[in-house]
Amino acid sequence: MDDLERPGLEGVIAARTRLSHVDGAAGRLVIAGYPLEDLAGVVSFEALTHLLWTGDLPTSEEEASLRHALAPHRALSPAVAALLTAACAAGAPPMDAARMAVGALSLGADEAGAAAAVLGALPAIVGGYERLRRGGALVTPVGPLGTAEALLFAIDGRTPHPERARALDTYLVTVSDHGLNASTFAARVVASTGSGLVDAVVAAIGALKGPLHGGAPGPALRMVLEIGAAERAEAAIAERLARGERLMGFGHRIYRVRDPRADVLRAAVDRLAASGHGHPDLHALAAAVEAEALRQLAAHKPDRVLQTNVEFATALLLHELDLPDDLFTAVFAVGRAAGWTAHIAEQRETGKLIRPASRYVGPLDRARPEAAR
Ligand code: COA
């Protein structure tokens, strides 16, 4: 292997972006110039989308205008509704349903309106699919609901309590963009070929579905539920570490100090619990498991900084919102779609096809095959 060969493209800089900066050494995530902590729980997901799409936070008129542009897309077309119904009948996982339904959005939208169509329809697709799985019929909200409200409305069929919507909104802002992660890169590769926005988002959904990218919060939640009681945490965690298992929701490949997303999500979980929503028992159990895990990880790997990562906090927050763990990745897609669509536009500005090279390692001199008769 020479200097040009980098498995997984690790360390390769494949794009310039104004959208987000992941500073692993300092434990900082900067989105379009703002530290995450100044955005999550402070500005709405629509304001954040405007920031990613235009480079600036919106005025209140601009934010209202974006909400109005997204609102018509919350009403799913008959084609999308039929696909979701068929996916539900087949027992498809939510990410498969989302991929199929988002693919059908190209039927109704021209390229200029495709980003609004995706951002507008995704919460209705993800929430609507969950409603279908619970045996309900698809519902369309009246008026320009925010993305978090629209997703919860699509599940429950009623306007959510503001604290629940606020908690989900904070989550969507928190996961909206994160440098050149695998799904964002997939979207940029497709965009670089001159293909359509919907094509690029479908590719991104396919990449996000994989367990190495968007699929980890479920196991983190299951670990907490399996431990089951605060007094069991010490022994249960010690057993896991003694077996050589990794504790789900701790440690990070890039963040070596702390994962800033975990901090803002934990604040959102605390706020939700303080407002009387969510599940106080689980909240207390998760806090006990987290504290014990951090204590034992520090002793287990004294030379490493193993802190709570975004997946642990995500699992807790989405569970507190009564979302099933197999829906978590699809909800992640709703937030990350803001980043995908912004990266697609940014990639198109370069006009450069992404086309890395491969090193051929097969044989070069095999015998010529006989001509077919
Ligand atoms: N629990 C127990 N041990 C852990 C650990 C965890 N969560 N995370 C790392 N370690 C240990 C590793 O086993 C390894 O030990 P070794 O040197 O004896 O083999 C050592 O710490 C090296 O860790 P590090 O270099 O930080 O791991 P990495 O960069 O290869 O992996 C993760 C990063 C995220 C893959 C890893 O921390 C992990 O598997 N975490 C649990 C899964 C998870 O939460 N994933 C979601 C990430 S957002």
Side-chain angles (χ1 to χ4, degrees), residues 6-12 20-29 31 36 40 95 171-185 204 207-227 233-266 268-269 286-319 325-333 335-336 339:
R6 300 275 178 88
L9 301 184
E10 197 170 345
V12 173
S20 64
H21 172 52
V22 183
D23 183 345
R28 257 165 67 93
L29 169 58
I31 299 184
L36 174 66
M95 281 297 275
Y171 170 73
L172 298 176
V173 168
T174 301
V175 301
S176 60
D177 201 43
H178 203 239
L180 202 56
N181 58 87
S183 60
T184 298
F185 185 53
L208 185 69
K209 179 182 152 188
L212 296 187
H213 187 1
L221 177 67
R222 281 194 284 282
M223 183 182 80
V224 173
L225 295 177
E226 271 167 35
I227 290 175
E234 183 176 354
I237 287 169
E239 281 163 22
R240 279 176 165 74
L241 291 177
R243 285 198 299 265
E245 283 180 26
R246 292 189 172 209
L247 302 182
M248 292 295 130
F250 298 89
H252 197 273
R253 176 63 57 83
I254 298 176
Y255 291 120
R256 291 302 179 193
V257 189
R258 58 190 258 276
D259 183 337
R261 299 168 301 172
D263 293 347
V264 296
L265 291 183
R266 193 179 4 227
V269 174
V289 169
E290 182 182 2
E292 186 57 29
L294 291 174
R295 193 183 70 75
Q296 291 197 31
L297 282 171
H300 181 66
K301 293 278 163 207
D303 52 335
R304 288 268 163 193
V305 181
L306 293 174
Q307 289 290 331
T308 316
N309 66 40
V310 68
E311 306 292 12
F312 190 85
T314 294
L316 194 54
L317 181 68
L318 298 187
H319 184 73
D325 64 8
D326 70 347
L327 198 71
F328 289 177
T329 311
V331 178
F332 184 173
R336 186 55 58 85

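We count ligands from 1, going down the list as the structure has it; atoms in each ligand are counted the same way.
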Open item on the list: I'd like to know if Leu297 contacts ligand 1, where contact means a heavy-atom distance under 4.0 Å to any ligand atom.
Closed with: yes
Task: Region of Lys301 engaging ligand 1 - heavy atom pairs below 4.0 Å - done: side chain
Task: Any N/O pair Leu306/ligand 1 closer than 3.5 Å - done: no
Open item on the list: With a heavy-atom distance limit of 4.0 Å, tell me whether Glu311 approaches ligand 1 through its side chain, its backbone, both, or neither.
Closed with: side chain
TODO: Have a look at His213, Arg253, His300 and point out the one with the heavy atom closest to atom 30 (O) of ligand 1.
DONE: Arg253
TODO: Could you check if a side-chain atom of Asp325 sits within less than 4.5 angstrom of a side-chain atom of Phe328, using non-hydrogen atoms only?
DONE: yes
Task: side-chain contact (heavy atoms from CB on, under 4.5 Å) between Val305 and Val257, intermediate numbers included - done: CA-CA 6 Å; Val305 181; Val257 189; 5.5 Å; no
Task: Side-chain heavy atoms of Leu247 within contact of Gln296, under 4.5 Å - done: no
- [ ] For ligand 1, indicate whether the residue Asp259 contacts it via side chain, backbone, both or neither (heavy-atom separation under 4.0 Å).
- [x] neither
TODO: Identify, by atom number and element, the atoms of ligand 1 in contact range of Met248, meaning under 4.0 Å from any of its heavy atoms.
DONE: 42 (C), 44 (O)
Open item on the list: My understanding is that only residues two or more places apart in sequence, or in another chain, count here; which of them pass salt bridge (charged side-chain N to carboxylate O under 4.0 Å, His left out) with Arg295?
Closed with: Glu234, Glu292
Open item on the list: I'd like to check whether Phe250 has a polar contact with ligand 1, where a contact means an N/O of the residue lying under 3.5 Å from an N/O of the ligand.
Closed with: yes
Open item on the list: As an exercise, identify every atom of ligand 1 less than 4.0 angstrom from a heavy atom of Gly249.
Closed with: 43 (C), 44 (O)
TODO: For His252, counting its heavy atoms only, list the atoms of ligand 1 lying under 4.0 Å from any of them.
DONE: 33 (C), 34 (C), 37 (O), 48 (S)
Open item on the list: Tell me the contacting part of Arg256 for ligand 1: side chain, backbone, both, or neither, using a 4.0 Å heavy-atom threshold, strictly below.
Closed with: side chain
Task: Geometric class of the Phe312/Phe250 ring pair [parallel <30°, tilted 30-60°, perpendicular >60°] - done: tilted
TODO: Please check if atom CZ in Arg28 has more than 12 non-hydrogen atoms from other residues, nucleotides or ligands closer than 6.0 Å.
DONE: no
Task: Contact (N/O only, under 3.5 Å) between Arg261 and ligand 1 - done: no
TODO: State, yes or no, whether a side-chain contact exists between Val22 and His178 at a heavy-atom distance under 4.5 Å.
DONE: yes
Open item on the list: Set out, in order, the CA-CA distance, both residues' side-chain angles and the distance that settles side-chain contact (heavy atoms from CB on, under 4.5 Å) for Ile227 and Ile237, then state yes or no.
Closed with: CA-CA 8 Å; Ile227 290 175; Ile237 287 169; 4.1 Å; yes
Task: Validation row: Tyr255, Val310 side chains within 4.5 angstrom (heavy atoms) - done: no
TODO: Could you tell me whether some N/O pair between Glu245 and ligand 1 is separated by less than 3.5 angstrom?
DONE: no
